[in-house]
Amino acid sequence: MINKALINKQAFIFDMDGVIVDNINFHIDAYKVFLKQFGKDITTEYFQTHVNGRTIQELIQELKPEAGKEEIMALSEEKEKIYRDLYAKHLSPTPGLEKFLGLAKEQGIKMAVATSAITANADFTLDGLGIRHYFDVVVDSTMVIKGKPDPQIYLKAAKLLNISPSDCVVFEDALAGIKSAKAAGMEVVGLYTSLKKEELPEGLILKIKNFEEIS
Ligand SMILES: O=P(O)(O)OC[C@H]1O[C@@H](O)[C@H](O)[C@@H](O)[C@@H]1O
């Protein structure tokens, strides 16, 4: 049974990292390796407030303003390959995810993924877990101009699903992602995977550790 707070909605839109997979520590470790070439380190706090949920392309643009599109994509792929190599043998869905996706599908709820990741990471996760077939739409960072916290990615997912933003619920774990979804006019279920429960902002319809709590 799907949780009462969600049953009147027509679409569920899932963030990927920190929601479909609980992988944030692997991103932090990959950034530590990748950022050495820029003479930078990254703390967990800096990651949560400035990096998590944003696109790596925008981060690289800040680190290297002179880089053109091709170099930005090459550097993005460099960092994401480090991440995929670190996480590959741990790849697993957030507890309860598949049961929840199955129930939602049975009830005719449309579903999308809206991730700040590059396409290779979305493929790695959705195909690696064998769950792509649950989703009607997958939007990644290469398909938008402005990344989260801008609302563009969630608005695009809703448009492709053909569902009005107010009929969508978003599942998010990152501060930038929650801002993006709210700016798109959507209600948000917060997952406390990368942040602690008390660090998630107010104004969420639910705060959950994983999908076992709502399926
Ligand atoms: O949480 P989302 O939207 O799935 O975003 C994932 C992205 O989150 C960012 O923190 C990372 O820089 C990216 O490497 C990663 O792909």
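Ligands are counted one by one from 1 in listed order, and the atoms in each one are counted from 1 as well.
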Look only at the side chain of [X] and the backbone of [Y], and say whether a donor-acceptor pair between them is shorter than 3.5 Å.
X      : Y      : result
Lys110 : Leu161 : yes
Thr193 : Gly18  : yes
Lys156 : Pro151 : no

For [atom], the protein heavy atom that lies nearest, with its residue and separation:
atom                    : result
atom 13 (C) of ligand 1 : Glu80 OE2, 3.4 Å
atom 11 (C) of ligand 1 : Tyr31 OH, 3.3 Å
atom 7 (C) of ligand 1  : Asp17 OD2, 3.8 Å
atom 5 (O) of ligand 1  : Ser116 CB, 3.4 Å
atom 2 (P) of ligand 1  : Asp15 OD1, 2.8 Å
atom 4 (O) of ligand 1  : Thr115 OG1, 2.6 Å

**Prompt:** Would you call Lys148-Glu58 a salt bridge at under 4.0 Å N-O?
**Reply:**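 No.
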**Request:** Using distance alone, determine whether Glu172 and ligand 1 share an N or O pair under 3.5 Å.
**Result:**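 No, there is no polar N/O contact under 3.5 Å.
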**Item:** Thr55, any N or O under 3.5 Å of ligand 1 N or O
**Value:**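 Checking ligand 1 against Thr55, no N or O pair falls under 3.5 Å apart.
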Enumerate the atoms of ligand 1 whose separation from the nearest heavy atom of [X] is less than 4.0 angstrom.
X      : answer
Arg54  : 8 (O), 9 (C), 12 (O)
Gly53  : 8 (O), 9 (C), 10 (O)
Ala117 : 5 (O), 6 (C), 16 (O)
Met16  : 4 (O)
Lys148 : 3 (O)

**Prompt:** Which bit of Tyr83 is near ligand 1, meaning a heavy atom under 4.0 Å away: side chain, backbone, both or neither?
**Reply:**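 Answer for Tyr83: neither.
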**Asked** Relative to each other, are the rings of Phe100 and Phe14 parallel, tilted or perpendicular (30° and 60° limits)?
**Response**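 Phe100 vs Phe14 ring planes: perpendicular.
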**Item:** Plane angle bin for Tyr83 and Phe124 - parallel if under 30°, tilted between 30 and 60°, otherwise perpendicular
**Value:**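 Phe124 vs Tyr83 ring planes: perpendicular.
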**Message:** If you apply the rule side-chain hydrogen bond (donor to acceptor under 3.5 Å, both in side chains), what do you find for Thr94 with Asn210, and how did you get there?
**Reply:** CA-CA 6 Å; Thr94 304; Asn210 58 50; over 6 Å; no
**Item:** Note, Leu129 side chain near Glu98 side chain (heavy atom, < 4.5 Å)
**Value:**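 Result no, sub-4.5 Å side-chain heavy-atom pair not found.
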**Asked** Lys81 pairs by side-chain contact (heavy atoms from CB on, under 4.5 Å) with which of Lys79, Glu78, Glu77?
**Response**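 Running side-chain contact (heavy atoms from CB on, under 4.5 Å) over Lys79, Glu78, Glu77 with Lys81 returns exactly one hit, Glu77.
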